[in-house]
Amino acid sequence: MRRSAAPSQLQGNPFKKLKFIPPGRSNPSPNEENTKMSPDVKLFEVVASKNTFLQLQNNPRICSSNLPTEGSAREINHGHNYSGKHCPEASVMATLDPPHTVHSAPKEITVPKGQEEEEPDSQVKYFSVVWCKASKKKHKKWEGDAVLIVKGKSLILKDLEGKDIGRGIAYKFKELENLEEGHRVMIGGKEVEVMGIISPDDFNSGRCFQLGGGSPAISSSSEAAKKCFSNPFKSVCKPSSKENRPNGFQDCKPRHDPHVPNSLVMSRPDSNQQWMFSKNRFPVVDVVIDPHLVYHLRPHQKEGIVFLYECVMGMRVNGRCGAILADEMGLGKTLQCISLIWTLQCQGPYGGKPVIKKTLIVTPGSLVNNWKKEFQKWLGSERIKIFPVDQDHKVEEFTKSPFYSVLIISYEMLLRSLDQIKNVKFDLLICDEGHRLKNSAIKTTTALISLSCEKRVILTGTPVQNDLQEFFALIDFVNPGILGSLSSYRKIYEEPIIISRQPSASEEEKELGEKRAAELTCLTGLFILRRTQEVINKYLPPKIENVVFCRPGPLQVELYRKLLNSQAVRFCLQGLLGSSPHLICIGALKKLCNHPCLLFNSIKEKEYSSTWDGNEERSLYEGLVDVFPADYNPLMFTEEESGKLQVLLKLLAVIHELRPTEKVVLVSNYTQTLNILQEVCKRHGYTYTRLDGQTPISQRQQIVDCFNSKYSSDFIFLLSSKAGGVGLNLIGGSHLILYDIDWNPATDIQAMSRVWRDGQKHPVHIYRLLTTGTIEEKIYQRQISKQDLSEAVVDLTKTSEHIQFSVEELKNLFTLHESSHCVTHDLLDCECTRDKDGTGGSLEKFPNSRNCQLGPHHQKSNSLKPLSMSQLKQWKHFSGDHLNLTDPFLERIRENVSFFFQNITNQSTAI
Ligand SMILES: Nc1ncnc2c1ncn2[C@@H]1O[C@H](COP(=O)(O)OP(=O)(O)OP(=O)(O)O)[C@@H](O)[C@H]1O
Ligand SMILES: [Mg+2]
């Protein structure tokens, strides 16, 4: 029989669907299915069930669209509030609904109680039907859905609001007995076509009438069951259609036009995702990034936003809403997150309903105001109401006000305000510089884990894969449980991977470890995204990076020798001393390299300190004071006493002279060194500003903004890299000088990335100052050689205390190479030393006027990864005595410099 298009046919008549439950698939018990689809289920199980579900979804007769069509929502197609009771998938969620039976044939229908008494001899049957006024037309135009009740020989037709709209009696019993799908009957001037059977249960509970558009009878228990009905239904979202707006939602059309050129449209949820995440059966609406933002976005940022969106919407890993955005520094992770927040706060794929209301951003204290600034930069101050917590703005204010949607808070403040924060329901949590959560035992991590928010994003510029346990902690934070328990993770992944990397590993162990590592990468790669600096290089000006080996001053050399000859160092090398004595020795040598006056201060401090009971330190400093002039006053230090300081001053002078409008970021890891540098600025009349660990958080952004402003008169920005380097944008400066070196290359890389980033207008000059032949060179070598050998942890929290030194290494550390131009270059086994009869490395014999320009000096630096020895060899390098220096800055400092390495990225208009 050919059927004309009835509303419910177009949409799929729910009761008719009863007949189409696949063979062998009975309605599972709610509990059974709930277990199957629990969000805690293993990834692969979810995938399996997803497939099953997709098959069902693809069958248009099962759980297919029950969405209102244009202009017919209430009047005709009452199917859209169908509870889904008979949809196997819907019943999954309907755990509170009473158990029910699916009847596959009329004879199985049980007679409802009470109706037996009315008509004892007959069974009562219920059918879902469509009806229209009787006519002779071949192609009927059905007017509505209805319920047909068959009692013996009589019929009652009820509309979906329960009203009788037709009655008939004295039918032939036989005719009614065999009534089934597709049959037609006449009742009181109406023609009715049977669409399907309704179970007595559904009739008795009234559920079959709940199709009738907003029946209050819909209980909360059936809310969940409705989940399966949010199928993509774009046509209902025609911009002109007002009738189709679901109750309670303003509009179901996309907020921005998805069809205009360059629009950035998010992925649509598939049917499985809709079932899982759409609480109501609202049509799927395109989520389109605000064109205002898209205009500014770099290609990698667009990709990043799509990635973040898919992660937090649970589209990448079913039921998991976490992500790690591990882009290298300066790639604009902040803007990507702001775009995500703004989008989710205004839009959503399900009926256009916003996905989030409140967002919590946790960030290092120095970046709280940077976030505020970035929000204002990209969205202005009207669109989104953010609340940065500082001394004057307490969390309480945020919790009491419905006005703000984004709370920006430092990690420290979060701990202090945890109780208040827990009272707020946050829908999205962003942890900036989130590698600090790599330890699940620390307070910050446990505090954040205790927040119930499941959409969690970690931002970090630091690679996260290096330490397997820390990796687990980060993964488990964003997507709890995805790797199983820590103990199973260790068994399945960590142990085999570690074993496979040991030299003694058998072939089998290697293979197993590699497979597990690949599996782990594959699994977690779904929600980790890392892009390298390379993606924005083309938007950046050239970067001229210099490693400058500064000759130590005579006082430095003398003190250095004395320190190395001390009893403390000798004992240290013999392994005779207790707890980490080498660290004290290393600390003293580093201070000396920065300036002898720092060492002098330490000696004096210990001398006068009543708590000084360390024998090692006493023996280390023994006789050192005698090397200083008798009337040495550390406050009156001179620049000549430190080789690096001399170079620095010449460098500042030449920058000031040749680039009077450009500014310098001067970085040290030590506050005391910054004090010296500050004093030098004063002496030479250089205007400066300073940010270190002591700078109140509330003032930090102001200091940064002021420096970045073109109206600022500050020439120098004194920065303590450990205290404030992370995440800062110092694009106001185009020269960056690293006055000292850290064991951890990540600290230096962090600092160097502050100026060479988006928004920088000038070519960037970076100078890394090292004292020739000293421990500073050794630290530098260690930075680059260790990175070469293994993907060692590049992690800001790693300090020298974490480093284990062998006696051999210590011997090397505690050696002063007085005759070398550059020990690092000597170690490179570079051609330019080899062809001189193996004489390289000797200061006297080194070819003075030779430009050892090996390989392409404009070599492409592909990322901010720590440099390796082999890469360094490719850099342009030359001795300080080289006559034809083309770099005017280096030219001016070469008197105090024994060697240079230089590399230019994005070379075009460089220097
Ligand atoms: N599309 C863009 N156009 C212009 N400037 C941009 C763009 N994206 C980001 N920026 C700017 O680049 C700078 C660096 O961005 P951001 O601070 O977000 O980097 P990040 O990835 O968080 O780096 P880090 O790891 O150092 O914190 C900021 O000043 C930001 O405003
Ligand atoms: Mg950042």
Side-chain angles (χ1 to χ4, degrees), residues 262 264 289-305 307-308 323-342 361-380 408 410-411 430-436 457-464 529-541 665 667 700-701 704-705 707-710 719 721-722 724-734 736 746-761 764 794-796 863-865:
N262 298 326
L264 181 57
I289 305 296
D290 193 328
H292 167 79
L293 287 171
V294 177
Y295 176 78
H296 297 284
L297 293 171
R298 308 279 188 218
H300 75 277
Q301 292 173 329
K302 291 181 185 172
E303 278 167 24
I305 293 165
F307 160 82
L308 286 173
I324 298 180
L325 182 59
D327 285 345
E328 277 189 353
M329 286 158 275
L331 264 59
K333 293 184 281 292
T334 322
L335 172 57
Q336 293 175 64
C337 285
I338 289 173
S339 306
L340 179 77
I341 296 166
W342 177 234
I361 298 171
V362 195
T363 182
S366 54
L367 297 179
V368 169
N369 280 312
N370 184 59
W371 272 90
K372 175 181 168 186
K373 225 184 125 241
E374 289 276 313
F375 267 105
Q376 283 169 352
K377 177 171 176 179
W378 302 113
L379 291 172
I408 308 169
S410 69
Y411 284 99
I430 292 175
C431 301
D432 193 13
E433 304 295 344
H435 41 263
R436 64 171 69 201
V457 178
I458 278 183
L459 303 181
T460 175
T462 305
V464 286
L529 182 64
R530 178 164 179 85
R531 277 80 57 86
T532 58
Q533 177 86 37
E534 208 181 13
V535 298
I536 55 161
N537 278 5
K538 63 171 176 249
Y539 305 107
L540 298 180
V665 178
V667 187
R700 293 187 178 193
Q701 190 58 40
V704 170
D705 290 347
F707 178 73
N708 287 337
S709 157
K710 61 179 176 200
L719 174 69
S721 60
K722 283 193 180 159
V726 178
L728 285 186
N729 292 307
L730 293 171
I731 49 173
S734 51
L736 182 134
T747 312
D748 293 343
I749 292 168
Q750 269 284 348
M752 289 192 285
S753 328
R754 299 305 109 208
V755 290
W756 198 53
R757 46 174 55 210
D758 227 322
Q760 178 58 258
K761 302 272 183 294
V764 165
V794 179
D795 180 339
L796 284 175
S863 76
L864 286 174
K865 268 192 219 94

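As the structure lists them, so they are numbered: ligands from 1, and atoms in each ligand from 1.
- Looking at residues two or more places apart in sequence or on another chain, you find a salt bridge (charged side-chain N to carboxylate O under 4.0 Å, His left out) between Asp327 and Arg531.
- Protein residues having a heavy atom under 4.0 Å from any atom of ligand 1 are His296, Arg298, Gln301, Met329, Gly330, Leu331, Gly332, Lys333, Thr334, Leu335, Glu374, Lys377, Trp378, Glu433, Gly727, Asn729, Arg754, Arg757, Asp758, listed by chain and number.
- Judged by distance alone, the side chains of Trp756 and Gln760 never bring a donor and an acceptor atom under 3.5 Å apart.
- Judged purely by distance below 3.5 Å, without hydrogens or angles, the side chains of Asn729 and Arg757 pair a donor atom with an acceptor atom.
- Put simply, the side chain of Lys710 never gets that close to the backbone of Asn708: no donor and acceptor are under 3.5 Å apart.
- For the atom pair Trp371 CH2 and Cys337 SG, the distance stands at 4.5 Å (nearest 0.5 Å).
- Expressed to the nearest 0.5 Å, how far CD1 of Ile749 lies from OG of Ser721 amounts to 12.0 Å.
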